[in-house]
Chemist: 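Let me begin by handing over the structure; questions about it come next.
Remember, predicted model here, so these are calculated numbers, not experimental data. Letters go in sequence order (proteins before strands), and every chain restarts at 1.
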2 protein chains.
Amino acid sequence: MSDPTPGLNAEQLGAYFALMEVSSLLQYAVDEHLRADGDLSYVQFQILARLVDAPDGRLRMTDLADGVVYSRSGLTYQAGLLDRRGLITRAPSPDDERSVIVSVTDAGRELVARVLPGHVDRVRQLLFEPMKGRDLPVLSAVLGRVRDHMRANPPRSAKPRAGRGRAG
Amino acid sequence: MSDPTPGLNAEQLGAYFALMEVSSLLQYAVDEHLRADGDLSYVQFQILARLVDAPDGRLRMTDLADGVVYSRSGLTYQAGLLDRRGLITRAPSPDDERSVIVSVTDAGRELVARVLPGHVDRVRQLLFEPMKGRDLPVLSAVLGRVRDHMRANPPRSAKPRAGRGRAG
DNA sequence: GGTGCACGCTTTGAGTTCGAAGCAAGTAGA
DNA sequence: TCTACTTGCTTCGAACTCAAAGCGTGCACC
């Protein structure tokens, strides 16, 4: 607000465009590979990967949603697909009858194990190969700081657990 | 393939996740603002912005598509929406009857001018405020290098056509 | 025990994206 | 000229996402 610069300088603008293009191309390439290699979308892979990484391979739907999709219904849809393929199972939580606990099956673990090497390889080829090692620490630090800042200032409608409807 | 490291180390993995999360949150936030402020999606804004930036405010459909969407049909759809709102016009090219030349209208220019300050402001707040100036040159350089590398090694299905090295 | 609200998930409808197929216009070779 | 191939865009169908609405459960307070 009180910033004297009304817009962004050329370097900032370039960094902004480059960021969006890089992430877009990366996601597209990775998604393409996952579909070809394991018939998984990027979102489905993220879901499975989170579960594999979780203790006991189990997570509540809500916890699973954070960071993967921006709506609960989107997760329900994807979980339905994964369930039908036998990659996950869903069961009501014994602690809270409302919650649904999602668990990876052995087939799900195997699929993740099968596609993970190629996935990682793709990321390394596209993202880290053109980047010299000395840049990585800076990039890592900057992105981490930006991410924390964004999490602290979330978009208006993203996480207000309290107010269901938007004030709009 | 010839790289001895089979996977990614912790720092690389963290940078990868941070990159995807930052770009996702940024796009979500910017998209939300554009919708609220000008009833535009991010894609629609990109289309208009490219046209405003082009000489005479005119571009062929194909040239317009690069970097905005991954399919021609997606652009046709969005161009239809923008056309209906009077923000662009479409006319067959006099040089090549197959081509469609898209032009921004005055209304389109006005709309871009109206939403641009808020858009830029959002980006500055979210992306550049948590980043101290000393990091920007490195980030800019790294992302630029990665982007060029990705453009040189495009995803399998993205560029079946001949070379499309768009400059700019 | 009841009542009212908050929470967790699913269902539904509208909108957006992609790839494949289709159509029209240009181009090269005979 | 005719034919076959390429290019530029649109149409179509399927898949996916989101927000809103709906349903059942849990909790706070009386």
Chemist: Using atom CG of B:L34 as one end and atom C1' of C:dT16 as the other, report the distance to the nearest whole Å.
Modeler: 16 Å
Chemist: Can you check the A:M61 CE to C:dC9 C1' distance for me, whole Å?
Modeler: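 These atoms are roughly 7 Å apart.
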Chemist: Contact class for A:I101 vs. all strands (heavy atom < 4.0 Å): base, sugar-phosphate, or nothing?
Modeler: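 Touches nothing.
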Chemist: Within this structure, what is the OH-to-C1' distance between B:Y77 and D:dA14, rounded to whole angstrom?
Modeler: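 The answer, rounded to whole Å, is 15 Å.
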Chemist: Could you check A:D63 against A:R60 for salt bridge (charged side-chain N to carboxylate O under 4.0 Å, His left out), going step by step and ending with a plain yes or no?
Modeler: CA-CA 5 Å; A:D63 300 329; A:R60 295 192 316 155; 3.3 Å; yes
Chemist: Specify the separation, in whole Å, of atom CG of B:L59 and atom P of D:dG8.
Modeler: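 Whole-Å distance recorded here is 14 Å.
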Chemist: Counting just side-chain N and O atoms, does A:Q78 come under 4.0 Å of either OP1 or OP2 of D:dT17?
Modeler: yes
Chemist: On DNA chain C, compare the nucleotides closest to B:R98 and B:V68; which residue's is nearer the 5' end?
Modeler: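 So the residue in question is B:V68.
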Chemist: Less than 4.0 angstrom between a side-chain N/O of A:R72 and OP1 or OP2 of D:dC18, yes or no?
Modeler: no
Chemist: Hey, can you tell me if B:Y16 and A:H119 have their rings parallel, tilted or perpendicular (30° and 60° cut-offs)?
Modeler: tilted
Chemist: Classify the ring geometry of B:Y70 against A:Y28: parallel below 30°, tilted from 30° to 60°, perpendicular beyond 60°.
Modeler: parallel
Chemist: Can you tell me how far P of D:dG24 sits from CG of A:D96, to the nearest Å?
Modeler: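 The answer, rounded to whole Å, is 16 Å.
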Chemist: At 4.0 Å (heavy atoms only), tell me whether A:S99 reaches a base, stays on the sugar-phosphate, or touches nothing.
Modeler: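 Result for A:S99 = sugar-phosphate.
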Chemist: Kindly point out which of D:dA19, D:dC9, D:dT10 is positioned nearest to the side chain of B:Y28?
Modeler: D:dA19
Chemist: Which listed nucleotide (C:dT11, D:dC9, C:dC18) is nearest to the side chain of B:V100?
Modeler: D:dC9
Chemist: Just verifying a value: how many Å separate B:S99 OG and B:M61 CE, rounded to the nearest 0.5 Å?
Modeler: 10.5 Å
Chemist: Of the nucleotides D:dA19, D:dC16, D:dT10, which has the atom closest to the A:R35 side chain?
Modeler: D:dC16
Chemist: Which of the following nucleotides, C:dT17, D:dT10, C:dT10, is nearest to the side chain of B:V43?
Modeler: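 Looking only at side-chain atoms, B:V43 lies closest to C:dT17.
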Chemist: CD of A:E97 versus P of D:dG24: gap in Å, rounded?
Modeler: 13 Å
Chemist: Looking for any heavy atom pair under 4.0 Å, which part of the strands does A:L81 touch: base, sugar-phosphate only, or nothing?
Modeler: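 Answer is sugar-phosphate: A:L81 comes under 4.0 Å of backbone atoms only.
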Chemist: Is a side-chain N or O of A:R35 found less than 3.5 angstrom from the main chain of A:L40, in a donor-acceptor match?
Modeler: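 Side chain of A:R35 to backbone of A:L40, a donor-acceptor pair under 3.5 Å: no, none is there.
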Chemist: May I have the distance from B:L64 (atom CG) to D:dC9 (atom C1'), rounded to whole angstrom?
Modeler: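 Taking CG of B:L64 and C1' of D:dC9, I get 13 Å after rounding.
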Chemist: Please report the distance, rounded to the nearest Å, between CG in A:D39 and C1' in D:dA15.
Modeler: 12 Å
Chemist: Give the nucleotide from the list C:dC9, C:dG26, C:dG19 with an atom nearest to the side chain of A:R60.
Modeler: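 The nucleotide sitting nearest to the side chain is C:dC9.
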Chemist: Heavy-atom nearest nucleotide on DNA chain D for B:G74 versus A:V69: which residue maps closer to 5'?
Modeler: B:G74
